[in-house]
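Reviewing the structure listed below.
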Amino acid sequence: MITDYSQALLVQEVAPRDGLQIEPTWVETEDKIALIDQLSLAGFSRIEAGSFVSPKAIPALRDGEQVFNGIQRQPGVIYVALIPNLKGAERALAAEADELNLVMSASQTHNLANMRMSCEASLTAFFEIVAFTAGTGVRLNGSIATTFGCPFEGLIDEDRVLHLVETYQQLGIQGITLADTTGMANPRQVERLVRRVLQQVSPADLTLHFHNTRGLGLCNVLAAYEAGARRFDAALGGLGGCPFAPGASGNICTEDLVNLCAEVGIYTGIDLPLLLKLSRSLPALLGHEVPGQLAKAGRNCDLHPIPT
Ligand code: COA
Ligand code: ZN
């Protein structure tokens with residue numbers, strides 16, 4: 001029985017966006033919709049259901065409109081769309097996304113590779129998006145990709161990240177996501193930066209987005225949680241990655257994260273058996289094994305028959 005929801009950990013499921021954007025095999029629109037509809041029943045309050053970016057940049061998600069129009073929206077679930085520019089905002093609003101996730105990298109080089117524009121041009125686009133969405137009731141979240149390191153530039157100056165957080169807030173973007181695009185963060189760095197950012201952003205508005213590229217994903221979650229963060233992105237099966245970041249690999253795995261929370265006594269409200277069932281259906285959908293561990297090992301309580 002949970003008594004203190006301030007200690008709960010909120011999981012935002014991002015497999016339909018971060019997970020599928022890098023998949024080489026085309027996933028049919030109806031299969032994307034079916035996946036999101038199942039995830040909507042697993043207890044998530046937020047699902048990143050797709051992106052509205054250039055279909056040439058991310059062909060795997062070119063059917064964003066059909067996906068958003070086809071899903072069965074559950075009450076209490078916020079369906080998020082990632083966007084890079086005003087055109088993305090127009091498409092996302094037409095498709096009735098509940099929240100827009102505006103993405104830019106802290107690293108100029110990665111922003112040029114990923115968004116084909118400078119950070120200044122991205123911020124100008126954000127300004128246009130804020131003006132365009134004013135009065136519509138749509139929520140805005142701003143992600144800072146490569147917060148903890150860039151595959152081209154290396155370590156990112158923490159003061160630059162703090163300054164970008166402030167810039168987002170001044171633009172009128174309330175939610176902030178610190179994203180470790182290629183898994184370069186370590187727990188000490190995470191703890192330090194989260195403590196600093198939480199002086200500017202409330203825990204209810206701050207999301208941490210970790211990739212498990214170097215095996216530190218869940219260590220970083222615990223470090224961020226201990227520092228006061230409460231919201232985390234994760235992808236079913238540990239899918240995911242940015243196609244414009246060399247060496248990118250999967251997000252932290254949702255069912256592994258939910259299992260960690262269950263084992264250490266942090267409430268998530270997520271239906272773990274349903275997640276395991278969904279995760280185990282991914283290899284057939286995608287044509288390859290997925291990185292998540294729990295779907296292979298089972299939970300601690302899934303005991304085996306005693307050998308005879
Ligand atoms: N949705 C759909 N099409 C878009 C679009 C959007 N949000 N933004 C631009 N386009 C189209 C333009 O209409 C134009 O189409 P055309 O060639 O048929 O005329 C074409 O894309 C090029 O437009 P331009 O503004 O010159 O964009 P660009 O080629 O400089 O690319 C981005 C800029 C931001 C659109 C592109 O780099 C992008 O979508 N990046 C996102 C990458 C991503 O999702 N990464 C992973 C998530 S972090
Ligand atoms: Zn990511």
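For ligands, and for the atoms within them, numbers begin at 1 and follow the listed sequence. Position 1 is the first residue of the sequence; numbering continues from there.
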Counting non-hydrogen protein atoms only, what is the nearest one to [atom]? Give residue, atom name and distance.
atom	value
atom 28 (P) of ligand 1	Arg116 NE, 3.5 Å
atom 12 (C) of ligand 1	Lys87 NZ, 4.2 Å
atom 18 (O) of ligand 1	Lys56 NZ, 4.0 Å
atom 6 (C) of ligand 1	Val53 C, 3.6 Å
atom 36 (C) of ligand 1	Ser54 CB, 4.0 Å

Per-atom contacts, ligand 1 versus [X] - under 4.0 Å to a heavy atom:
X	result
Gly88	7 (N)
Pro55	2 (C), 3 (N)
Pro84	34 (C)
Met115	32 (C), 33 (C), 34 (C), 37 (O), 40 (N), 41 (C)
Ala57	38 (C), 39 (O), 40 (N)
Arg17	47 (C)

Would one find an N or O of [X], backbone or side chain, under 3.5 Å from an N or O of ligand 1?
X	value
Pro243	no
Gln21	no
Asn85	yes

Determine yes or no for a side-chain-to-main-chain donor-acceptor pair under 3.5 angstrom, with [X] supplying the side chain and [Y] the backbone.
X	Y	result
Arg17	Gly240	no
Tyr267	Ala262	no
Ser118	Ala121	yes

Open item on the list: I want to know whether Phe232 and Tyr225 have ring centres closer than 6.0 Å.
Closed with: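 No, the ring of Phe232 stays outside the 6.0 Å limit from the ring of Tyr225, centre to centre.
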- [ ] Establish, yes or no, whether a centroid distance under 6.0 Å links the rings of Tyr79 and Phe68.
- [x]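 No, the ring of Tyr79 stays outside the 6.0 Å limit from the ring of Phe68, centre to centre.
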Pairing donors with acceptors under 3.5 angstrom, does anything connect the side chains of [X] and [Y]?
X	Y	value
Gln66	Thr29	no
Gln12	Asp233	yes
Gln174	Asn141	no
Asp180	His209	no

Task: the Zn ion (ligand 2) - name of the N/O/S atom of Asp18 that sits closest to it - done: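 For Asp18, the N, O or S atom at the smallest distance from the Zn ion (ligand 2) is OD2.
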Task: Salt-bridge criterion met for Arg73 and Glu96 (N-O under 4.0 Å) - done: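 Looking at Glu96 together with Arg73, the answer is no, because their closest N to O distance does not fall below 4.0 Å.
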Task: Side-chain ion pair, Glu191 and Arg195, N-O less than 4.0 Å - done: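 Salt bridge flag = yes for Arg195 with Glu191.
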TODO: Look at ligand 1 and say whether Ser51 reaches it with a heavy atom at a distance under 4.0 Å.
DONE: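 Ser51 does not count as a contact of ligand 1 under the 4.0 Å cut-off.
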Per-atom contact, [atom], protein heavy atoms, under 4.0 angstrom:
atom	answer
atom 25 (O) of ligand 1	no
atom 31 (O) of ligand 1	yes
atom 2 (C) of ligand 1	yes
atom 14 (C) of ligand 1	no
atom 34 (C) of ligand 1	yes

Open item on the list: Once you restrict to heavy atoms under 4.0 Å, what part of Ile58 touches ligand 1? Side chain, backbone, both or neither.
Closed with: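 Contact part for Ile58 vs ligand 1: side chain (C-beta onward).
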Assess whether atom [atom1] of [X] is packed by more than 12 heavy atoms of other residues, nucleotides or ligands within 6.0 Å.
X	atom1	value
Arg280	CZ	yes
Lys296	NZ	yes
Glu289	CD	no

Task: Angle in degrees, rounded to 10°, that NE2 of His211 and NE2 of His209 form at the Zn ion (ligand 2) - done: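 Value returned, to the nearest 10°, is 100°.
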TODO: Could you check which of Val103, Leu82, Asn114 puts a non-hydrogen atom nearest to atom 45 (N) of ligand 1?
DONE: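 Considering heavy atoms of Val103, Leu82, Asn114, the nearest to atom 45 (N) of ligand 1 sits in Asn114.
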